[in-house]
Amino acid sequence: MNHYYLFILTTLLIAITPGADTVLVTKNTLNQGRKVGLKTVAGVCTGIVIHELLAILGLSAIIASSVLLFNIVKYAGAAFLIFMGISILLSKKKSITAHTTTTEQKSETSSFLQGLLSNVLNPKAIIFFISFLPQFIKPEENTSLQMVLLGITPVLVTLIWLAIYVNLINYVRKWFNKPAFQSIFQRATGLVLITLAMRLAFEKR
């Protein structure tokens, strides 16, 4: 493939650039620990796989070329981030160590869906997969094999980076188990998500 190393580098730069996915992973890891953080990462990576499948099937091109469909995805993503931000701002402060088995199971399911929806409802990902990937494919060679390799790469890069990030956050988590910090962090996270939502909503294609 053409300059595969550049594709890996670009994918890594996109993965480490802070966005809604990173904010949710940070919030869930600090609030509920490594396991819930990794569940959020799993949701994000599943979202990437869905985008890739849509690109392969040609549905991403349809969405990107239709102003209506593109705006539906964009505003749905913004609405989701606003909902998450307001929910965090209005939620009661909880001790990081206070969990029951039922609460943990619900948190894991919820965190997976948060990561999934945050990624799937990101219109930038649609544009990325239909415009960026084809630049690295050689038509004269096995295109199916190239698509598989290019499809797996963003998933693996994102998974590895966010898994490392979760473990780093989890390592310092015990130092932040204070009500004052939790309150400030909760408000900051909610406001950041709402800001990202507004930016997404008013962003042009």
Requested in this report: Please answer: with hydrophobic residues joined when any side-chain heavy atoms are less than 4.5 Å apart, are Leu57 and Val148 in the same cluster?
Outcome: no

Report summary line: Gly47 and Asn119 have their tightest heavy-atom pair at C-OD1, 3.3 Å

**Report entry** Check: Asn167 main-chain N/O paired with Arg34 side-chain donor or acceptor under 3.5 Å
**Finding:** no

Distance-only donor-acceptor hits, side chain of residues 122-129, under 3.5 Å, sequence neighbours excluded:
from	atom 1	to	atom 2	distance (Å)
Asn122	OD1	Lys124	N	3.1

Query raised in the report: Will you find, in the side chains of Ser118 and Asp21, an N or O donor that is under 3.5 Å from an N or O acceptor?
Result: yes

Query raised in the report: Which distance, rounded to the nearest 0.5 Å, do you find between the CG of Leu117 and the CZ of Phe80?
Result: 4.5 Å

Query raised in the report: Who else is in the cluster with Tyr75 when I, L, V, M, F, W and Y are joined by side-chain contacts under 4.5 Å?
Result: none

**Report entry** Nearest-0.5 Å distance, CG of residue Leu116 to OG1 of residue Thr40
**Finding:** 11.0 Å

**Report entry** ILVMFWY network linking Trp161 to Leu9, side-chain heavy atoms under 4.5 angstrom
**Finding:** yes

Requested in this report: Return yes if a side-chain donor-acceptor contact under 3.5 Å exists between Tyr165 and Thr29, otherwise no.
Outcome: no

Query raised in the report: Is there a chain of hydrophobic side chains (I, L, V, M, F, W, Y, each step under 4.5 Å between heavy atoms) that links Val155 to Tyr4?
Result: yes

Query raised in the report: Do the non-hydrogen side-chain atoms of Ile50 and Leu54 ever get within less than 4.5 Å of each other?
Result: yes

Report summary line: So side chain to side chain donor-acceptor pair (under 3.5 Å) across residues 41-53, not counting sequence neighbours, yields none

Query raised in the report: Same cluster for Ile169 and Ile164 if Ile/Leu/Val/Met/Phe/Trp/Tyr side chains link at under 4.5 Å?
Result: no

Query raised in the report: How many angstroms lie between NZ in Lys35 and OG in Ser111, if you round to the nearest 0.5 Å?
Result: 10.0 Å

**Report entry** Of all pairs that satisfy salt bridge (charged side-chain N to carboxylate O under 4.0 Å, His left out), the ones with a partner from residues 10-20, not counting sequence neighbours
**Finding:** none

Query raised in the report: Roughly how far apart are Arg187 CZ and Leu89 CG, rounded to 0.5 Å?
Result: 8.5 Å

Query - Common cluster, Ile160/Tyr171, ILVMFWY with side-chain heavy-atom separation under 4.5 Å - result: no

Could you give the side-chain donor-acceptor pairs of residues 10-20 under 3.5 Å, partners two or more places apart or in another chain?
from	atom 1	to	atom 2	distance (Å)
Thr10	OG1	Leu6	O	2.8
Thr11	OG1	Phe7	O	2.7
Thr17	OG1	Leu13	O	2.5

**Report entry** Reported OG1-to-CG distance for the pair Thr26 and Leu162, which is rounded to 0.5 angstrom
**Finding:** 9.0 Å

Report task. Verify, without hydrogens or angle tests, whether Asn71 (side chain) and Val67 (backbone) share a donor-acceptor contact under 3.5 angstrom. Result -> yes

Query raised in the report: Taking C-beta and beyond as the side chain, do Lys27 and Gln114 meet within less than 4.5 Å on heavy atoms?
Result: yes

Report summary line: To the nearest 0.5 Å, atom CG of Leu38 lies from atom SG of Cys45 at 10.0 Å

Donor-acceptor pairs are to be reported for all side-chain atoms of residues 189-201 against protein atoms at under 3.5 Å, with residues two or more places apart or in another chain.
from	atom 1	to	atom 2	distance (Å)
Thr189	OG1	Phe185	O	2.8
Thr195	OG1	Leu191	O	2.8

